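Everything below concerns the one structure shown next.
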Amino acid sequence: MKVTDSARLLDERLRVFNHLEEAGEPGKGRLSGYYVSVKDNLCVRGMPATAGSKILEGYVPPFDATAVTRCRAEGAYILGKTTMDEFGFGTFNVNTPYKVPLNPHDAERCTGGSSGGAAALTASAGFPHVALAESTGGSISCPAAFCGVVGVTPTYGRVSRWGLIDYANSLDKVGCMAKTVGEAALTLSVIAGPDAYDSTTIREPAPDYTTYVGEGLEGLRVGVPREYYGEGVDPGVADRVWTAVKRLESLGAAVQEVSLPHTGVSLSSYYVIAMAEASTNLARYSGLRHGLQGPLEGGFDEYFSSVRSAGFGEEAKRRIILGTYARMAGYRDAYYLKALRVRTLVIGDFKQAFREVDVLAAPTMPVVAPRFDEIALLEPVQHYMMDVLTVAPNLAGVPMVSVPCGMLDGLPVGLHLMADHMREDLLFRAAGALEAG
Ligand code: GLN
């Protein structure tokens, strides 16, 4: 049986089993004919959800995430779950107790993370497919760039997080990936918009983003942030990105240099905030309510530690320890509150830039997808440093799209387009023009 046939069967069974009144009819709706894969930190009723962690093994959510419900309502088939770094903690999708996904362009290289499975499947699916994914600090843009697909991280609050297994609540965003800009715009149009189940969603209804794909670039002001082309960016990557920026210019955009002066400190601010929030979110996994359980021996503390020791991977444990430390009385001011103040400065950088330009254009990642043997030699902090170009827009909560902009030694390079809050329209306009050439 072909994967698509078995997915259809599973989906039909789930529909019957779950009495999904809200589900649309397959074959009718904006996503009819599409298979939708779902990152494993989003709940699909009746399908195991691990968020890439052993601690959730055996957990089968009794409900659909809102983004999933909305895809079903537009006639999509839910294909299955895609692998990820444990709870989203990673940049290469190697921090997982499950299978590590391989880059479709070179199996010795990583897919990028944390939405690695989503990107690899999007790049290689030979059938109509779009992916639901999530970003906290770059987890959609990074793997989209490394695998050569379009990755959309919407404005914070644009898409409901009902049914998302949290990493860091002030940063998490549900988004999507697709092979083309048009399909990505379509998917965002389906999943975006207010949701009574998530009070943090922005009230405004979602427009039809597909109408912006194909609009001309006349009058569009594109900013090139100088801090994003500096040291550490592979010259080959910078070259492909510059070629794309020039193309935007030749298509009618006006290009100018801008500055995001707090780029250098955004990385440490992001990791302090993300780890502080993650360490509180992970406190709920006690081996009692759902997921992994152990033999009920000893007192609560012993039980709690033994289940958590067995269930969490090394990176999750590192983040629990670092995040707890950053929140401790006595260190709170020095780390967590300082990181929040830096975040305010980073937001200010973007707000200032968007007074001068409509869209920012930069490399998504400083390098192409690294090989697994190269990754094995990196220290944890070197993993974190790979996020240097993606964390700032994620801290600011502005929308971003990574769009393929050429190849370097047979590997894809991503152009990162960023816009002001709620201006996804501008991103689809620019990405669409670039794709059309
Ligand atoms: N690489 C970043 C981290 O490990 C971002 C991950 C994400 O967006 N989920 O935190």
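Values below: every heavy atom of this structure, side chains too, minus hydrogens, waters and symmetry copies. When a ligand or atom number is given, it counts from 1 through the structure's own listing order. These numbers come from a predicted model, not from an experiment.
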Classify the ring geometry of Tyr35 against Phe127: parallel below 30°, tilted from 30° to 60°, perpendicular beyond 60°. perpendicular
For a quick check under 3.5 Å, do Asp195 and Ser160 share a side-chain donor-acceptor pair by atom type? yes
What is the nearest protein non-hydrogen atom to atom 7 (C) of ligand 1, stated with its residue, atom name and distance? Ser139 OG, 2.3 Å
Sub-4.0 Å atoms of ligand 1 with respect to non-hydrogen atoms of Gly137: 5 (C), 7 (C), 8 (O)
Does ligand 1 have a heavy atom under 4.0 Å from the side chain of Thr136, from its backbone, from both, or from neither? both
Glu315/Arg318 salt bridge by N-O under 4.0 Å criterion: yes
Check Asp358 with Arg221, please: is the shortest side-chain N to carboxylate O separation under 4.0 Å? yes
Please compare Arg319, His383, Glu315 and report which has the shortest non-hydrogen distance to atom 4 (O) of ligand 1. Arg319
Measuring from the heavy atoms of Ser114, does anything fall under 4.0 Å of ligand 1? yes
Is the side chain of Thr155 donor-acceptor paired with the backbone N or O of Arg158 at a distance under 3.5 Å, no angle test? no
Counting non-hydrogen protein atoms only, what is the nearest one to atom 2 (C) of ligand 1? Give residue, atom name and distance. Asp387 OD2, 3.1 Å
Under 3.5 Å between any N/O of Phe89 and any N/O of ligand 1: does that happen in this structure? no
May I ask you to decide whether Lys351 forms a salt bridge with Asp420, counting only side-chain N to carboxylate O separations under 4.0 Å? yes
Just by modelled atom types, is the Glu215 backbone N or O under 3.5 Å from a matching donor or acceptor in the Arg429 side chain? no
Considering heavy atoms of the protein only, find what lies nearest to atom 3 (C) of ligand 1 and give residue, atom and distance to 0.1 Å. Tyr271 OH, 3.3 Å
Pick from Tyr167, Tyr384, Tyr270: the one approaching atom 5 (C) of ligand 1 most closely through a non-hydrogen atom: Tyr270
